Amino acid sequence: MHYGAYPAIFEYAKKLRNNPTRAEARMWEYLRKHRIGNKFRRQHPIWIYVADFYCHYLKLVIEIDGDIHSEKEVQEKDESKEKDIRNLGVDVIRFTNVEVLSDIDSVLSRLYFKMEEIKFARFAPKSEKG
């Protein structure tokens with residue numbers, strides 16, 4: 001579930017959980033207590049990274065990106081992180097702070113669609129997959 005995360009990553013994740021961004025706190029309102037059907041963890045260690053939100057059952061990471069993620073250097077790090085996480089067999093979906101804070105219904109709709117897509121791809125009987 002943690003894909004070999006180091007103790008320092010767990011400590012860093014704990015600090016992040018204690019200081020969520022407004023967008024992360026808003027998203028957590030909808031993810032906590034299985035409100036959208038699956039258990040998510042916030043600021044979850046995965047290997048050398050901390051995912052904003054993680055659902056182990058679906059192997060799905062949700063990342064919430066602030067303005068800094070529009071900078072080239074940060075985008076390159078995000079791409080590397082996403083590639084590494086995908087190589088662990090985990091899907092990633094990204095939303096911006098603005099999306100979460102201004103159009104949560106659209107975010108939840110896209111998230112729900114992604115969750116259903118994963119369920120179908122991973123759990124549907126082979127005869128249903130075509």
Side-chain angles (χ1 to χ4, degrees):
M1 178 167 30
H2 296 100
Y3 303 90
Y6 300 103
I9 299 296
F10 284 88
E11 287 299 315
Y12 182 55
K14 185 176 180 179
K15 287 179 186 174
L16 291 173
R17 275 192 297 277
N18 290 329
N19 295 299
T21 65
R22 278 185 43 229
E24 289 169 348
R26 177 79 192 260
M27 190 67 164
W28 185 238
E29 288 175 28
Y30 292 91
L31 296 177
R32 64 191 296 256
K33 297 184 181 177
H34 309 256
R35 288 189 180 151
I36 61 168
N38 291 97
K39 180 179 182 175
F40 279 85
R41 299 169 185 274
R42 62 190 175 111
Q43 302 303 337
H44 183 77
I46 295 180
W47 190 40
I48 60 173
Y49 303 107
V50 176
D52 290 335
F53 302 98
Y54 175 68
C55 175
H56 183 64
Y57 175 70
L58 296 174
K59 297 195 181 334
L60 174 63
V61 162
I62 301 170
E63 289 291 302
I64 310 293
D65 297 337
D67 291 340
I68 195 165
H69 292 267
S70 63
E71 295 179 10
K72 184 175 171 58
E73 183 179 310
V74 176
Q75 286 178 347
E76 290 171 358
K77 287 180 182 179
D78 285 344
E79 288 171 15
S80 179
K81 175 181 180 178
E82 190 167 325
K83 180 183 173 198
D84 288 344
I85 289 173
R86 287 185 188 280
N87 284 337
L88 294 170
V90 177
D91 281 305
V92 178
I93 188 168
R94 303 187 92 83
F95 302 104
T96 65
N97 282 355
V98 172
E99 289 175 306
V100 172
L101 295 172
S102 66
D103 193 7
I104 192 68
D105 290 335
S106 175
V107 166
L108 295 174
S109 178
R110 288 170 42 209
L111 176 58
Y112 181 77
F113 182 79
K114 180 67 172 178
M115 290 167 43
E116 291 301 307
E117 181 182 90
I118 291 169
K119 287 176 191 175
F120 182 77
R122 293 195 183 144
F123 306 120
K126 292 187 190 292
S127 61
E128 289 183 32
K129 293 180 184 178

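Values in this document were obtained by computation on a predicted structure and should not be read as measured data.
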One should read off an interatomic distance between His2 NE2 and Ile9 CD1, to the nearest 0.5 angstrom, of 11.5 Å

Taking every heavy atom of Gln43 against every heavy atom of Val50, the minimum-distance pair comes out as OE1-CG1, 3.3 Å

According to the salt bridge (Lys or Arg N to Asp or Glu O under 4.0 Å) rule, which pairs have a member within residues 32-50, sequence neighbours left out? none

Spell out, yes or no, whether Leu101 and Leu31 are grouped together once hydrophobic residues are joined by side-chain heavy atoms under 4.5 Å, including indirect joins. no

Pro20 to Ala25 - nearest heavy-atom pair and separation: CB-N, 4.3 Å

Rounded to the nearest 0.5 Å, how far apart are CE of Met115 and CD1 of Ile36? 4.5 Å

Heavy-atom closest pair, residues Leu60 and Val92: CD1-N, 4.3 Å

Take atom OH in Tyr3; do more than 12 heavy atoms of anything else shown fall under 6.0 Å from it? yes

With the 4.5 Å side-chain cut-off for hydrophobic clustering, are Tyr112 and Leu58 part of the same group? no

Worked verdict on Leu16 versus Glu24 for side-chain contact (heavy atoms from CB on, under 4.5 Å): CA-CA 10 Å; Leu16 291 173; Glu24 289 169 348; over 6 Å; no

Would you please indicate yes or no on a ring centroid separation below 6.0 angstrom for Tyr30 and Phe40? no

For Ile62 and Asp52, work out which heavy atoms get closest and say how close. O-CB, 3.2 Å

NZ/NE/NH1/NH2 to OD/OE distance under 4.0 Å, Glu11 and Lys14: no

Over all heavy atoms of both residues, which pair between Phe95 and Val100 is shortest? Give the atoms and the distance, please. CB-CG2, 4.1 Å

Does Glu82 come within less than 4.0 Å of Arg86, counting only side-chain N to carboxylate O? yes

Taking atom CZ of Phe10 as the centre, report whether more than 12 heavy atoms of other residues, nucleotides or ligands fall under 6.0 Å from it. yes

Do Trp28 and Tyr57 belong to the same hydrophobic cluster, where Ile, Leu, Val, Met, Phe, Trp and Tyr are linked whenever their side-chain heavy atoms lie under 4.5 Å apart, directly or via other members? yes

If hydrophobic clusters are built from ILVMFWY residues whose side chains come within less than 4.5 Å, do Phe123 and Phe113 share one? no

Consider salt bridge (Lys or Arg N to Asp or Glu O under 4.0 Å). Of Arg26, Arg94, Arg110, which one does Glu99 pass it with? Arg110

How long is the gap from OH on Tyr49 to CG on Asp84, to the nearest 0.5 Å? 3.5 Å

Under 4.5 Å between any side-chain heavy atoms of Glu63 and Ile85, yes or no? no

According to a 4.5 Å side-chain heavy-atom criterion applied to Ile, Leu, Val, Met, Phe, Trp and Tyr, with indirect links allowed, do Tyr6 and Tyr54 form part of one hydrophobic cluster? yes

Validation row: Ile93, Glu117 side chains within 4.5 angstrom (heavy atoms): no

Would you call Leu111 and Met27 a side-chain contact if the rule is heavy atoms closer than 4.5 Å? yes

So, taking the atom named OG in Ser80 and the one named CD1 in Ile48, what distance separates them when rounded to the nearest 0.5 Å? 7.5 Å

Taking every non-hydrogen atom, the tightest pair across Ala23 and Ile64: CB-CG2, 3.7 Å

